[in-house]
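In what follows, a single structure is set out as structure tokens and then discussed.
Per chain, numbering begins at 1; letters A, B, ... match sequence-line order.
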Number of protein chains: 2
Amino acid sequence: MHLTQTAEYALRAMAHLSMLPGGQGARAKDLAEASGIPMAYVSKLLRKLVVAGLLESQKGHGGGFVLARPPAEIRFVDVLRAVDYPIEPNHCAFGWGECNVRHPCPLHGTWSQLKEAFTRWAERTTLADIQRGVPPRGPLLPTR
Amino acid sequence: MHLTQTAEYALRAMAHLSMLPGGQGARAKDLAEASGIPMAYVSKLLRKLVVAGLLESQKGHGGGFVLARPPAEIRFVDVLRAVDYPIEPNHCAFGWGECNVRHPCPLHGTWSQLKEAFTRWAERTTLADIQRGVPPRGPLLPTR
DNA sequence: CACTCAATGGACTTGACCATCCGCTGACGT
DNA sequence: ACGTCAGCGGATGGTCAAGTCCATTGAGTG
């Protein structure tokens, strides 16, 4: 299971921003150094987050990037969508065009189990959860 | 959340094989047509599964591929590893070299929640689960 | 106004993954 | 033996994400 490098970068950058005291902002260069993302690349990334309305940017002296909303209102799924991370809840791993509860492919059951776990995770987790550390929500999978 | 195309193909091919009645085998060509995977590509894939010991192959007339073990003994994680799908349980999304419960990065909590969901899914699900349809194991994520 | 800073945008390079092609090898049937 | 069938292996090409470079624009400072 993996996100794309870009998606991971996006979460990482947003995490760094959300951890700055007092809703502060930061320059792309600082974020790059702090997060280990190549400067030129994080720059493009941040732009996408601005376009998506998750960040606000300021040019020139004293410029940089700031969260556009409080951390609690920025879900991971918002960040992922902002960088075009593909979230296809209806994708069928078995290759069927039509695949749902009515017409389930052989993989449907176990596959949607995994997809839903991811979807819920992305929709429930916000930047505020990062600030708090581990959100105590219990195990993601049943303990058998 | 996504697997690579190759990983998905591998699961798909194995799923098809495990659904043949009476532990039958199939030719690469048949699997390709049935599963919608390009023939030349599934061929390479199946080879990897043979090398990994999950399949057995037979050349020439009447040849093809068969499961090397009963479906219940082939876990998804085995299939994924066979096609070199990267499973890095210790990978830190925040970019830290050292990241564990002792030295948790800000993302550690929520991130490992997701990783563990995937890992358990891959380790628990076997080809036998496919045959049975949906394994009733309850939700992957807590219901809030 | 002149200078510097930092985001913006475009063009470009690289490399991994996906996919195809073709000749070779081993197994079976006649 | 010979021919066919089907897996095996290497070489090759296409595509897209990942990463780099550079010129431009807008904003603040002296």
Side-chain angles (χ1 to χ4, degrees), chain A residues 1-13 17 24-68 80-88 93 95, chain B residues 1-13 17 24-68 80 82-88 91 93 95:
Chain A
M1 194 291 317
H2 66 90
L3 303 176
T4 59
Q5 183 72 282
T6 301
E8 186 183 307
Y9 281 169
L11 289 177
R12 199 186 294 183
L17 271 172
Q24 243 176 273
R27 298 177 302 165
K29 194 184 171 211
D30 297 329
L31 285 173
E33 284 169 5
S35 62
I37 308 174
M39 160 64 188
Y41 198 65
V42 82
S43 196
K44 306 263 179 223
L45 252 181
L46 292 169
R47 188 79 247 283
K48 289 189 179 179
L49 294 166
V50 168
V51 171
L54 303 180
L55 293 182
E56 282 168 8
S57 63
Q58 196 70 18
K59 280 188 176 181
H61 223 106
F65 299 85
V66 203
L67 297 185
L80 297 181
R81 275 204 260 266
V83 294
D84 305 310
Y85 184 77
I87 297 180
E88 307 151 25
Chain B
M1 196 289 319
H2 67 90
L3 304 175
T4 60
Q5 183 72 283
T6 301
E8 188 184 304
Y9 281 169
L11 290 178
R12 199 186 293 183
L17 272 172
Q24 245 176 272
R27 298 177 303 165
K29 196 186 171 209
D30 298 328
L31 285 173
E33 285 169 4
S35 61
I37 309 173
M39 161 64 187
Y41 197 66
V42 81
S43 194
K44 305 267 180 218
L45 252 180
L46 291 168
R47 188 79 249 284
K48 287 190 180 177
L49 294 166
V50 168
V51 171
L54 303 181
L55 294 181
E56 282 167 7
S57 63
Q58 196 69 18
K59 278 188 178 181
H61 225 104
F65 299 86
V66 203
L67 297 184
L80 296 180
V83 295
D84 306 309
Y85 184 78
I87 297 180
E88 305 149 27
H91 173 73

- Item | Pairwise 5' ranking along DNA chain D for A:T4 and A:G62, keeping only the more 5' one | A:T4
- Message: Please report the distance, rounded to the nearest Å, between CD in A:Q5 and C1' in C:dG15.
- Response: 13 Å
- Task: Please report, rounded to the nearest Å, how far the C1' atom of C:dC17 is from the OH atom of B:Y41.
- Result: 6 Å
- Message: To the nearest 0.5 Å, what is the distance between CZ on B:R27 and CG on B:L46?
- Response: 13.0 Å
- Task: Measure from CG on B:L55 to P on D:dA6 and round the result to the nearest Å.
- Result: 17 Å
- In whole Å, what is the span from the CG atom of A:D84 to the P atom of D:dC16? 14 Å
- Query: Over how many whole Å does the gap from B:L31 atom CG to D:dA6 atom P extend?
  - Reply: 13 Å
- Check the distance between D:dC16's P and B:H2's NE2 and give it to me in whole angstrom. 15 Å
- Task: Check whether any side-chain N or O of A:S35 sits under 3.5 Å from a backbone N or O of A:L31 as a donor-acceptor pair, and report yes or no.
- Result: yes
- Query: Do B:Y9 side-chain atoms and B:G36 backbone N/O form a donor-acceptor pair below 3.5 Å?
  - Reply: no
- So, A:R12 side chain and B:A93 main chain: donor-acceptor pair closer than 3.5 Å or not? yes
- Message: Under 4.0 Å, heavy atoms only, any strand: does B:Y9 hit a base, just the sugar-phosphate, or nothing?
- Response: sugar-phosphate
- Message: In this structure, how many angstroms lie between the P atom of C:dC17 and the CD1 atom of B:I37, rounded?
- Response: 18 Å
- Let me know the distance between NE2 of A:H61 and C1' of C:dA2, rounded to the nearest Å. 14 Å
- is_close_aromatic(B:H2, A:H2), centroid dist under 6.0 Å: yes
- Item | Pairing residues for A:A40 by the side-chain contact (heavy atoms from CB on, under 4.5 Å) criterion, not counting sequence neighbours | none
- For nucleotides 7-12 of chain D, read 5' to 3', which letter fits each nucleotide if B means a protein heavy atom sits under 4.0 Å from the base, S means only the sugar-phosphate is that close, and - means neither? SSBB--
